[in-house]
Number of protein chains: 2
Amino acid sequence: MEEIFNLAEKQRLIDQNHFEDLFTTDIRPLTKLFRMPANSFIIKSTSQPQYLFYLIKGRAKLYDVTANGKTMLIDFFTPPCFIGEMELIDPTGDPFSVQAIGDCLCLALPIHRIQKQLLVDPIFLKHICLYLAHKNTRNIRVASKNQTSTLSERLAAFILMTEHNGVYKEKHTEVSEFLGVSYRHLLYVLREFMDAGLLSKQGHRSYLIQDRQELERIAEGNQS
Amino acid sequence: MEEIFNLAEKQRLIDQNHFEDLFTTDIRPLTKLFRMPANSFIIKSTSQPQYLFYLIKGRAKLYDVTANGKTMLIDFFTPPCFIGEMELIDPTGDPFSVQAIGDCLCLALPIHRIQKQLLVDPIFLKHICLYLAHKNTRNIRVASKNQTSTLSERLAAFILMTEHNGVYKEKHTEVSEFLGVSYRHLLYVLREFMDAGLLSKQGHRSYLIQDRQELERIAEGNQS
DNA sequence: CTCCAACTGTGAGATTTCTCATACTTACTG
DNA sequence: CAGTAAGTATGAGAAATCTCACAGTTGGAG
């Protein structure tokens, strides 16, 4: 994680992402700009973060590490969004881990300097409430879908969600973690889709969608 | 759902639960007191709630109804806690269903009257943020435990969580819904616990814990 | 007191998912 | 360019979980 001291660039990014609109007071003087290299940790579950981040470029992923050491991919972050707001609001809880997927850019506010002020800022708090409520809704929907449906349904939905121009090319290792199934089983179902003519392999690690309509039907839960 | 017009009683409950402390302004004049009979719906997923509720007595459960009609028990509410705060903050989203388990008492504020005011009340917003953050953390932990561990682990943990004086007597139907497994499978694992000498049946629908230490070990993930 | 809906309980067979073992390929590091 | 870690790929057998079918029990509602 490396700070970028280009003031003009920082100001441009603040404006472009309407960062100021999230606060009552002027936070520009305290705002820093960071670049996180791919795969680096923005927040480590082992220590309280020093900053409240606002992701403006790149993707990141949220992990939970369960008591028995198993790691579990919980969610993806897509800009623009806060990172570390839970830790700001409740510094007593254990933080989660957030890892950059590709290179990321973040605006950042030093927690120790602005915590008191932000916790009484109604505009900021309202944004955080909305953000948390949405996140919560998403989590609940995803969790209940995970429990009530089989991998075929979830995978079909996931493929449709992440595909670009009819091409699906996510990393199997990440996907199996995210969908909470073993790598083996993911491959098995992917093979089923290919046998059923829904997908075809294209080159080494990308798949071509052959029957979008059927994929959609499966994702809806109308298992053939 | 039936309003209770006993002013003295209402005031007593407001004081006892420190309801006023959650707001900057005096909300007593607008506060109503409701009694919900067991099994009635406090919030129905089909229509926006009219009130922001604060549960002060009784237990309630949160359901999600998935697109394909499957129903899924997400969480339990224990007093004191807000109900309907997500719908207050984001009236555009689909509401969830909340059903009273036993008879419940709720303080309630009419949303159409206080929404604007509450959304700029820093004290209220801060409480909601904290509440949402905690809820979120809980949901994530539960969801990731659900995915990474087998029913034995989750059931062992659930038994220890809900037991009183060494006796476990939750309804199997509710539990299987909550843990997201079929009724059949729950019974199957329960039988395994009995065969392994961890539980014994006591009367018609209650179980006696025989080996708490082993249950704890299993709950931690140290599957024998 | 009777009846009915909801809950408890069990068997059998099918489906989903996991673990482990084993190769091959790719991408990066020195 | 060799070496290595990570990702891809597949088989086989086991474990977890589901569906369906069927019966007995219980706790109210009338």
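Below, chains carry the letters A, B, ... as their sequence lines are ordered, and counting in each starts from 1.
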(request) Write down the distance between NZ (B:K171) and P (D:dG28), rounded to a whole number of angstrom. (result) 9 Å
(message) Of the listed nucleotides (C:dG9, C:dT19, D:dT8), which one gets closest to any side-chain atom of B:H172?
(response) C:dG9
(message) Rounded to the nearest 0.5 Å, what separates atom CG in B:L198 from atom CG in B:L208?
(response) 12.5 Å
(message) Are B:F19 and B:Y54, when compared by the centres of their aromatic rings, separated by less than 6.0 Å?
(response) yes
(request) Round to a whole Å and report the spacing from CZ of B:R184 to P of D:dA21. (result) 15 Å
(message) Considering every strand and a 4.0 Å limit on heavy-atom distances, what is the contact class for B:T173: base, sugar-phosphate, or nothing?
(response) sugar-phosphate
(request) Measure from NZ or CZ of B:R59 to the centre of the six-membered ring of B:F76, then state whether that distance is under 6.0 Å and the direction lies within 45° of the axis. (result) yes
(request) Answer with yes or no after comparing the ring centroid distance for A:F178 and A:F158 against a 6.0 Å cut-off, counting only values under it. (result) yes
(message) From NZ of A:K169 over to P of D:dT8, roughly how many Å is that when rounded to an integer?
(response) 13 Å
(request) Write down the distance between CG (A:L186) and P (D:dA9), rounded to a whole number of angstrom. (result) 10 Å
(message) Pick the closest DNA chain C nucleotide for A:R154 and for A:H204 by heavy atoms, then say which residue is nearer the 5' end.
(response) A:R154
(request) Return the value, rounded to whole Å, for the distance between atom OH of B:Y183 and atom P of D:dC20. (result) 17 Å
(message) So, OP1 or OP2 of C:dT8: does either fall under 4.0 Å of a side-chain N or O from B:K201?
(response) no
(request) Nearest whole angstrom, please: distance from the P of D:dG7 to the CZ of A:R205. (result) 9 Å
(message) Applying a 4.0 Å non-hydrogen cut-off, can you work out what A:H185 is touching in the nucleic acid: base, sugar-phosphate, or nothing?
(response) base
(message) What's the closest nucleotide to the side chain of A:T150 if the choices are D:dT8, C:dT8, C:dT17?
(response) C:dT17
(request) Would you kindly give the CG-to-P distance between B:L187 and C:dA12, to the nearest whole Å? (result) 16 Å
(message) Less than 6.0 angstrom separating the ring centers of A:F34 and A:Y51, yes or no?
(response) yes
(request) For B:L190 and C:dC7, give me the distance from atom CG to atom P, rounded to whole Å. (result) 16 Å
